[in-house]
Amino acid sequence: MREIKFRYILRHKASGNIEVKHYYWGQIEKRPLEKLSPAFLADYELLSRDVFTGLKDRHSMEIYKSDVVDYKKIQYTDCSRSTVEKVKDTIRGEIYYAEGIWLGIRRLDGTGLIFSPGSPRREEIEVVGNIYENPELLEVT
């Protein structure tokens, strides 16, 4: 069983600086957030609280709910998905992960949801950021 992990994204009210904090559920149960970091005091605004999906991308980066990712739709030459033929398409979107189940990628351009049976393979996903640290990712070209 994986340990539940959260990512908090906060903005300092005076400077506008973004801070990212990661905590396991066990840490949060033992101490109030205000005692874990000064970033949880009145000088900061909570922008997002995201849960770790349990998935990692091709660079071993942890993927959190609402991360923006590039999902490479890959055509495999055999049923075992061990030999790659070519990358058919790359979709930029948000991880759609609910109730601990991988559901797919929600396209950033609003054209729908890409469903994928089972969890994707690590080589198919790359985290490109989140909308708070990288607001330019929301710009649709």
Side-chain angles (χ1 to χ4, degrees), residues 1-78 80-141:
M1 185 173 123
R2 73 176 171 90
E3 202 170 348
I4 299 171
K5 187 174 183 181
F6 294 93
R7 175 183 67 194
Y8 291 84
I9 301 176
L10 305 112
R11 178 177 32 225
H12 189 264
K13 290 178 181 175
S15 68
N17 291 336
I18 301 290
E19 290 200 29
V20 179
K21 304 290 183 186
H22 296 90
Y23 295 106
Y24 288 100
W25 181 247
Q27 292 174 290
I28 297 168
E29 285 183 320
K30 289 179 184 171
R31 297 175 72 184
L33 288 172
E34 293 82 13
K35 295 197 186 252
L36 286 172
S37 171
F40 292 102
L41 299 175
D43 294 344
Y44 288 83
E45 165 188 20
L46 177 66
L47 299 177
S48 180
R49 178 180 41 243
D50 305 307
V51 67
F52 175 48
T53 64
L55 300 171
K56 292 188 179 184
D57 77 354
R58 59 185 295 189
H59 303 293
S60 296
M61 264 186 88
E62 294 177 341
I63 301 174
Y64 287 82
K65 189 171 190 275
S66 79
D67 273 347
V68 176
V69 298
D70 280 345
Y71 175 54
K72 297 175 185 337
K73 290 173 70 179
I74 297 174
Q75 181 175 348
Y76 294 93
T77 57
D78 60 23
S80 69
R81 292 174 51 151
S82 60
T83 310
V84 174
E85 187 173 300
K86 65 179 178 175
V87 175
K88 293 176 69 176
D89 190 15
T90 300
I91 298 161
R92 178 150 295 175
E94 231 182 324
I95 289 289
Y96 190 60
Y97 193 87
E99 305 285 331
I101 300 168
W102 158 263
L103 296 174
I105 304 283
R106 182 181 295 128
R107 291 178 185 263
L108 282 186
D109 64 8
T111 59
L113 183 65
I114 302 301
F115 288 97
S116 175
S119 292
R121 293 172 63 100
R122 287 174 59 165
E123 65 267 14
E124 297 172 338
I125 292 186
E126 182 172 2
V127 174
V128 292
N130 63 65
I131 62 170
Y132 301 103
E133 293 178 289
N134 314 97
E136 69 279 1
L137 293 173
L138 285 180
E139 297 172 12
V140 178
T141 55

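- Within the model, atoms OH of Tyr8 and CD1 of Ile28 stand 3.5 Å from one another, a figure rounded to the nearest 0.5 Å.
- Put simply, the side chain of Gln27 gets close to the backbone of Tyr24: a donor and an acceptor are under 3.5 Å apart.
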Review point. Taking it one step at a time, do Ser37 and Tyr23 satisfy side chain to side chain contact (heavy atoms under 4.5 Å, CB included)?
Key: CA-CA 10 Å; Ser37 171; Tyr23 295 106; 3.3 Å; yes

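- Asn17 contributes no side-chain N or O that, together with a main-chain N or O of His12, makes up a donor-acceptor pair within less than 3.5 Å.
- Within the structure, salt bridge (charged side-chain N to carboxylate O under 4.0 Å, His left out) contacts touching residues 32-45 (residues at least two apart or in different chains) are Arg11-Glu45.
- Sequence neighbours left out, the pairs with a member in residues 12-22 that pass salt bridge (charged side-chain N to carboxylate O under 4.0 Å, His left out) are Glu19-Lys21.
- Between Ile18 and Glu133 the shortest heavy-atom distance is CG2-CG, 3.8 Å.
- Between Arg7 and Glu62 there is no salt bridge, since no side-chain N of the basic residue sits under 4.0 Å from a carboxylate O of the acidic one.
- Atoms CG and CG, from Leu10 and Leu47 in turn, are 6.5 Å apart once rounded to the nearest 0.5 Å.
- Counting all heavy atoms, side chain and backbone alike, Phe40 lies closest to Leu33 at CD1-O, 3.3 Å.
- Here the shortest heavy-atom pairing between Thr53 and Lys65 reads CG2-N, 3.7 Å.
- Of the inter-residue distances, the one linking Leu55 atom CG with Ile125 atom CD1 reads 6.5 Å to the nearest 0.5 angstrom.
- The aromatic rings of Tyr64 and Phe52 lie tilted to each other, with the angle between the two planes from 30° to 60°.
- In this structure a side-chain-to-backbone donor-acceptor pair under 3.5 Å is missing from Asp67 to Val69.
- Within the 3.5 Å criterion, the main-chain N or O of Ile9 finds no donor-acceptor partner in the side chain of Ser48.
- Between the Asn134 side chain and the Glu136 main chain, no donor and acceptor come within less than 3.5 Å of each other.
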